[in-house]
Amino acid sequence: FGPDPGGVSERATTLTKRLVGDDPYAVVRIESDELGADPGRVSDEAYGASLFSGRRVVRLRVSGNRPVAPAITPLLERPPEDTWLVVEAGDLRKTAPLRKLFESAGGAVAIGCYPDNDGALRRLVDDEVRAAGLSISATARDALVELLGGDRAASRSELQKLVLYARGKDEITL
């Protein structure tokens with residue numbers, strides 16, 4: 001949860017990949033607005049048998065102020081054996097029911113995702129540039145940090161465009 005939707009999505013994707021790898025059949029995606037018509041869908045998916053893989057992930061994306069606690073509570077009270085629940089939410093106050101539900105449950109955790117500060121942006125720039133086999137000058141890095149924003153996914157996307165543009169060079173400079 002948090003005010004950085006790109007960071008929330010990126011963390012949820014990383015966690016999902018660590019749990020089930022790149023198996024598309026092991027992931028079920030549900031939007032919270034779908035639960036109005038079928039509030040038991042999360043439980044049905046979590047407790048149901050998988051046809052194609054063992055471990056599974058149910059990814060629930062919460063939008064707006066939809067009350068999803070009734071759909072999640074049974075899973076926290078009696079966790080399924082081979083299914084993990086990954087919930088993505090926006091910025092939640094400390095008193096938000098969903099946040100309180102996860103923070104008070106023994107087998108759950110709430111992870112806050114906040115906009116990157118300058119240090120985190122510098123590390124992100126360095127990581128993306130290094131992954132592309134390039135280097136970057138200090139002045140170019142400082143200029144990028146000033147231009148990038150607080151949304152992790154948007155920043156990463158812009159950096160990926162930059163390294164693609166710099167392809168064939170050794171160093172990114174101003």
S.K.: Can you sort out the partners of E34 under side-chain hydrogen bond (donor to acceptor under 3.5 Å, both in side chains), two or more places apart, ordered by chain and number?
M.R.: R41

S.K.: Taking atom CG of L124 and atom CD of E158, what is their separation to the nearest 0.5 Å?
M.R.: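 It comes to 11.5 Å.
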
S.K.: For V87, which fellow cluster members are found when Ile, Leu, Val, Met, Phe, Trp and Tyr are connected by side-chain heavy-atom distances below 4.5 angstrom, either directly or through intermediates?
M.R.: F1, V28, I30, L35, V42, Y47, V58, L60, V62, V68, I72, L75, L76, L85, L92, L98, L101, F102, Y114

S.K.: Through direct or indirect side-chain contacts below 4.5 angstrom among Ile, Leu, Val, Met, Phe, Trp and Tyr, which residues connect to I111?
M.R.: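 Its cluster partners, ordered by chain and number, are V109.
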
S.K.: Give the table of side-chain donor-acceptor pairs shorter than 3.5 Å for residues 133-149, with sequence neighbours excluded, one pair per line with atom names and distance.
M.R.:
from	atom 1	to	atom 2	distance (Å)
S135	OG	D170	O	3.3
S137	OG	T139	OG1	3.3
S137	OG	A140	N	3.2
R141	NE	D126	OD1	2.7
R141	NH2	D126	OD1	3.1
D142	OD1	R122	NH2	3.2

S.K.: Identify, with sequence neighbours excluded, every residue that meets side-chain hydrogen bond (donor to acceptor under 3.5 Å, both in side chains) alongside D116.
M.R.: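 Here the qualifying residues are R152.
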
S.K.: What residues form a side-chain hydrogen bond (donor to acceptor under 3.5 Å, both in side chains) with R123, not counting sequence neighbours?
M.R.: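 side-chain hydrogen bond (donor to acceptor under 3.5 Å, both in side chains) check on R123 returns nothing, list empty.
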
S.K.: I need the single residue from D22, V57, D23 that forms a side-chain contact (heavy atoms from CB on, under 4.5 Å) with K17. Which is it?
M.R.: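 The residue from D22, V57, D23 that satisfies side-chain contact (heavy atoms from CB on, under 4.5 Å) with K17 turns out to be D22.
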
S.K.: Taking only residues two or more places apart in sequence or in another chain, which ones pass side-chain hydrogen bond (donor to acceptor under 3.5 Å, both in side chains) with D38?
M.R.: none

S.K.: Mind jotting down which residue pairs meet the salt bridge (Lys or Arg N to Asp or Glu O under 4.0 Å) criterion with at least one end in residues 99-109? Sequence neighbours excluded, please.
M.R.: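 Every pair satisfying salt bridge (Lys or Arg N to Asp or Glu O under 4.0 Å) with a residue in residues 99-109: R99-E103.
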
S.K.: Give the minimum heavy-atom separation between P115 and P3, together with the two atoms involved.
M.R.: CD-CG, 3.7 Å

S.K.: Run the numbers on R61 and R29 for side-chain contact (heavy atoms from CB on, under 4.5 Å), then give the verdict.
M.R.: CA-CA 8 Å; R61 191 167 66 160; R29 297 178 189 277; over 6 Å; no

S.K.: Rounded to the nearest 0.5 Å, how far does CD of E128 lie from CD1 of I172?
M.R.: 10.5 Å

S.K.: For residues 82-97, which residue pairs pass the salt bridge (Lys or Arg N to Asp or Glu O under 4.0 Å) check, not counting sequence neighbours?
M.R.: R59-E88

S.K.: L121, V163: one ILVMFWY side-chain cluster at the under-4.5 Å cut-off?
M.R.: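 They do share one cluster, since a chain of ILVMFWY contacts under 4.5 Å joins L121 to V163.
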
S.K.: Among all residues two or more places apart in sequence or in another chain, which pass the salt bridge (Lys or Arg N to Asp or Glu O under 4.0 Å) test with K169?
M.R.: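 Per chain and number, K169 pairs via salt bridge (Lys or Arg N to Asp or Glu O under 4.0 Å) with no residue.
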
S.K.: To the nearest 0.5 Å, how far apart are CG in D151 and OG in S9?
M.R.: 9.0 Å

S.K.: Among all residues two or more places apart in sequence or in another chain, which pass the salt bridge (Lys or Arg N to Asp or Glu O under 4.0 Å) test with D127?
M.R.: R130

S.K.: Can you give me the closest heavy-atom contact between A153 and G6, atom names plus distance?
M.R.: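 Where A153 meets G6 most closely, the heavy atoms are CB-CA, 3.5 Å.
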
